[in-house]
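See structure below.
Letters A, B, ... are given to chains in the order of the sequence lines, protein chains preceding strands, and every chain is numbered from 1.
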There are 2 protein chains.
Amino acid sequence: MRPETLERRRAILRAATEVFGSKGYANGTLLDIADQVDMTHAGILHHFGSKDQLLVEVLRYRDESDVENLEQKHIPGGIELFRHLVRTAFANARRAAIVQAYVVLSAESVTDGHPAREYFEDRYRTLRDEVAEAFREVCAERGITAEDRIGHAAACILAVMDGLQVQWLLEPGKVELAETTEYAIEAIMTSVLEPRESPLGPISA
Amino acid sequence: MRPETLERRRAILRAATEVFGSKGYANGTLLDIADQVDMTHAGILHHFGSKDQLLVEVLRYRDESDVENLEQKHIPGGIELFRHLVRTAFANARRAAIVQAYVVLSAESVTDGHPAREYFEDRYRTLRDEVAEAFREVCAERGITAEDRIGHAAACILAVMDGLQVQWLLEPGKVELAETTEYAIEAIMTSVLEPRESPLGPISA
DNA sequence: GCCATGTTGCTGACAGAACAGTAACCTAAC
DNA sequence: GTTAGGTTACTGTTCTGTCAGCAACATGGC
């Protein structure tokens with residue numbers, strides 16, 4: 001494969017990220033993408049075979065470029081993972097297009113027969129495991145056990161990051177993505193490391 | 001308007017909720033909906049004018065039926081609001097179709113020119129205000145002030161509920177929607193009512 | 001109580017556009 | 001001279017929306 005060809009494909013992937021992000025996968029078209037890279041839609045199909053396949057490669061490509069930006073070339077563990085998540089939130093606040101792509105595609109993926117469903121299932125499973133593992137490390141350092149809380153807390157951390165992105169995309173002026181994410185992560189970490197009585201009391205049906 | 005007509009329209013709205021939920025708005029078609037109520041797609045357009053308009057009415061209809069189920073006919077305040085949110089999460093764990101509709105549509109609404117965008121902007125703004133107000137009530141009862149934290153916490157509570165729904169829809173067996181939501185709400189409430197030092201420490205860029 | 005007249009709730013057929021994918025062909029690079 | 005990177009042209013499908021017409025129902029005059 002020629003290096004120019006590789007760069008051409010990367011350009012297509014970047015354009016596809018933007019189109020799927022701004023219009024959704026179902027609503028974004030190959031023509032939209034083709035226009036951005038001065039091609040016909042048939043040219044894109046020549047490179048990627050089908051629209052479904054293109055989406056899969058868009059997601060893979062984004063994962064790769066994420067890892068490239070990480071100097072150590074792999075996600076840190078322990079407390080550093082949580083700091084990394086906060087830093088990611090600050091970085092995300094400056095790249096709405098990519099955030100939008102992830103928000104739209106991850107939600108769309110829960111629909112029947114969506115080509116990215118498996119990707120997102122894997123992704124969340126992996127991330128939950130990594131966050132849970134980081135919690136275990138931090139707990140061990142402090143001589144605490146909190147296994148039951150850790151499972152919930154790991155899912156919560158990912159959830160709050162995603163949910164804040166939706167609100168932020170809808171009204172960027174009304175929600176501070178990064179600062180609020182930081183607040184949430186601190187709150188959830190504290191609930192694991194220094195648990196307290198529930199302020200809710202018993203809840204009747 | 002005849003009562004049978006009204007019931008017919010409600011049937012269409014229910015069918016539309018299911019279709020938009022399971023396939024998304026862009027990908028779900030009027031024919032899908034028409035089939036479920038034994039009509040032609042032209043019949044649906046006769047009642048609702050356009051697909052966009054139908055979506056708007058689907059969302060309105062769902063809000064109405066939500067309020068009907070609430071005995072006091074309006075959302076409670078203070079600590080009762082938080083209990084209500086937890087109860088809603090338990091109820092949601094038994095109606096994946098409606099949850100899916102909300103997840104898919106709210107995320108899709110951030111795309112350019114989406115007909116439900118205004119609806120969701122309003123919705124989140126209103127909900128954040130209500131949660132913030134409930135926080136203020138609870139703080140007042142306890143003689144605390146936490147105005148700066150409240151803004152963040154209100155957004156976080158909505159965010160974590162939404163985010164957990166996505167993970168739960170993707171792998172219902174791996175995420176306990178209701179219990180995890182309860183855990184998150186308790187954690188965030190505690191962070192407002194009994195704040196502690198951040199476990200993260202300073203974060204370097 | 002009954003007919004005339006509008007109104008409502010559809011259907012069937014069609015227009016018009018958009019879209020994914022295919023096939024044949026060209027051209028330039030290796 | 002064979003392969004890779006495209007284009008043009010076309011196919012078949014799908015989908016929203018429009019329009020004319022029709023049957024059932026409602027309503028007011030008698």
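Under the salt bridge (Lys or Arg N to Asp or Glu O under 4.0 Å) criterion, A:E171 pairs with B:R125, B:R128, not counting sequence neighbours. With sequence neighbours excluded, the residues forming a side chain to side chain contact (heavy atoms under 4.5 Å, CB included) with A:E18 are A:Q36, listed by chain and number. Looking at residues two or more places apart in sequence or on another chain, you find a side chain to side chain contact (heavy atoms under 4.5 Å, CB included) between B:A134 and B:L81, B:F82. The side chain to side chain contact (heavy atoms under 4.5 Å, CB included) check on B:R117 picks up A:L170, B:E121, with sequence neighbours excluded. For B:D52, the salt bridge (Lys or Arg N to Asp or Glu O under 4.0 Å) criterion is met by no residue, not counting sequence neighbours. With sequence neighbours excluded, the residues forming a side chain to side chain contact (heavy atoms under 4.5 Å, CB included) with B:D63 are B:Y102, B:Y119, B:R123, listed by chain and number.
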With B for base contact, S for sugar-phosphate-only contact and - for none (protein heavy atoms under 4.0 Å), nucleotides 10-23 of chain C reads BBB------SBBB-
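Between chain A and DNA chain D, the heavy-atom contact criterion of under 4.0 Å yields a 5' to 3' nucleotide range of D:dG5 to D:dT8.
Among residues at least two apart or in separate chains, there is no salt bridge (charged side-chain N to carboxylate O under 4.0 Å, His left out) pair with a member in residues 99-110 of chain B. Every pair passing salt bridge (charged side-chain N to carboxylate O under 4.0 Å, His left out) that includes a residue from residues 145-158 of chain A is listed here, sequence neighbours excluded: A:R136-A:E147. Within the structure, salt bridge (charged side-chain N to carboxylate O under 4.0 Å, His left out) contacts touching residues 26-46 of chain A (residues at least two apart or in different chains) are A:K23-A:D32.
Annotation for B:L193 and A:P199: closest pair CD1-CB, 4.0 Å, computed over non-hydrogen atoms.
Residues of residues 108-117 of chain B having a heavy atom closer than 4.0 Å to DNA chain C: none are found.
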